[in-house]
Amino acid sequence: MSRRSFWHVTVREATAHAVILAAVLWIGAALLIVSGRDGRDAFGNLKGADFVHFYTLGRLALERRADLLFDGPRQHEAQVAYVPASEPDGFVPVYPPHAALWFAPFATLGYVPAAFAWAIVTALAYAFAVGVAWRAGGAREWGGPLVVAAAAAFPPFWNLVLHGQTTAIPLIAFAGGYLALARDQRVLAGAVLALASVKPQLGVVLAVVVLATGDWRLMLGAAVSLAIQAAAVGLWFGQETLWRYVDVVRQIGDVRDLLEPKPYQLHSIRTLADLMPQPWSTLFWYGALAAIALLVIRIWRSHAPLPVRFGALVIATLLASPHLTVYDVTLAAPALLWLAPVSVAAIYLLYVTTLVPTALFLPIQISVLVLLAIFLTATRVGRAPTDRPQTP
């Protein structure tokens, strides 16, 4: 294959590739879901995987058991009582208490129906985010069939559904926040973006950008949203629950190894820092965070189109997250559409390196370098003297 034929894949070829990959992934997912017995798949993993943790939090919310929200051993006992097949699966209770309120409605169902319902919600949230980003304009030349097939084939999305994780909520937060910003409803945008606080590590870059640019309307919306979420926790569980969560955040560094049992599934700059000995690891980590923050602030202040600025913000959020597992990289899908047209090579490499993590074979996760290249390309667009056209 010539160099040109690889780098310049036609829309029809790209659609065919995406359809094939999507079919393979989702047939494999279906086999995993239906195979096995006693609530576990053919590989011995609990069906629904991490969702049992959120199901347990939802049940605790229904029972108002605030005393178990951050008590790992006792929470595990409750988890096994709710879902006996989950006895071998333990989780570190570090999620903010309002996460339990998100899952209380699902906990009114049995575990399997609840897991299925959450999978549907996750797929709908993903479709919403991808649709919002595609309609932004830059990726319309790719065509609907290609976008649908490529979105369905994105390996992090496949992982997200199988793991039953909470990334659907940040997907809604970022896509909804973009819609509000596009309509210059900045207070509403801040309120919606603050919903991503269910995964606090995904809000660090956004907070830095808002504070550095002095966007008081975004600040106000975010503050009101966070206050409402905190008030809901206080009313339902009691104010002491919020202070207990503050203690959990302070001690989170002590349980990092338990939170990241599979380093090859991590995809942020932190993975590069971990390759270095101390004190260089810490110096690189904080230096990289500062550089990413400065670049994203610069592009946010530029005259680049909103899709470019917002896509760069989302990619920076992924890179700067201290804990970014493969299913959270699902957020890159709408970001790629906001930043379109993106290099075909970058898209292919991101698919490959999230489908088969290179850290299993190499000392580095190549997906991090791909995300970094996409981010740096976006910042160069932001420094351009003229805006990129909104349509091809």
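For the residue pair S86 and Q79, a side-chain donor N or O sits within less than 3.5 Å of a side-chain acceptor on the partner. Side-chain polar atoms of S197 and H98 form a donor-acceptor pair below 3.5 angstrom. A donor atom on one side chain and an acceptor atom on the other are found under 3.5 Å apart for H53 and Q75. The closest side-chain donor-acceptor pair between T358 and Q365 falls under 3.5 angstrom.
Hydrophobic clustering, with ILVMFWY side chains joined whenever heavy atoms are under 4.5 angstrom apart, keeps Y245 apart from I228.
Under the 3.5 Å distance criterion, the side-chain polar atoms of T354 are left unmatched by any main-chain donor or acceptor of P156. Here the side chain of R301 pairs a donor or acceptor atom with the backbone of A212 at under 3.5 angstrom. Distance alone, capped at 3.5 Å, places no donor-acceptor pair between the Y95 side chain and the L57 backbone. Between the S268 side chain and the R270 main chain, a donor and an acceptor come within less than 3.5 Å of each other. A distance-only check finds no donor-acceptor pair linking the side chain of E87 to the backbone of H76 [under 3.5 Å]. Counting only distance, with no hydrogens or angles, the side chain of R309 and the backbone of A304 share a donor-acceptor pair below 3.5 Å. Using modelled atom types, no side-chain atom of W158 and backbone atom of A153 make a donor-acceptor pair closer than 3.5 Å.
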Verify side-chain contact (heavy atoms from CB on, under 4.5 Å) between Q229 and V233, making sure each step is shown before the conclusion. CA-CA 6 Å; Q229 294 175 65; V233 170; 5.9 Å; no
Does N159 form a side-chain contact (heavy atoms from CB on, under 4.5 Å) with T330? I'd like the steps, not just the answer. CA-CA 9 Å; N159 274 278; T330 304; over 6 Å; no
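For Y82, the OH atom counts as densely surrounded, since its 6.0 Å shell holds more than 12 non-hydrogen atoms of other residues, nucleotides or ligands.
In this structure, R244 is not positioned above the aromatic face of F70 in the sense of NZ or CZ being under 6.0 Å from the six-membered ring centre and within 45° of the axis.
Taking the six-membered ring for Trp and the full ring otherwise, Y351 and F154 have centroids separated by under 6.0 Å. With ring centers used as reference points, F103 lies under 6.0 Å from W118.
In this structure, I297 CD1 and S302 OG are separated by 12.5 Å, a value rounded to the nearest 0.5 Å.
With respect to Y178, the ring-ring contact (aromatic ring centres under 6.0 Å, His included) criterion is satisfied by exactly one of W134, F128, F310: F310.
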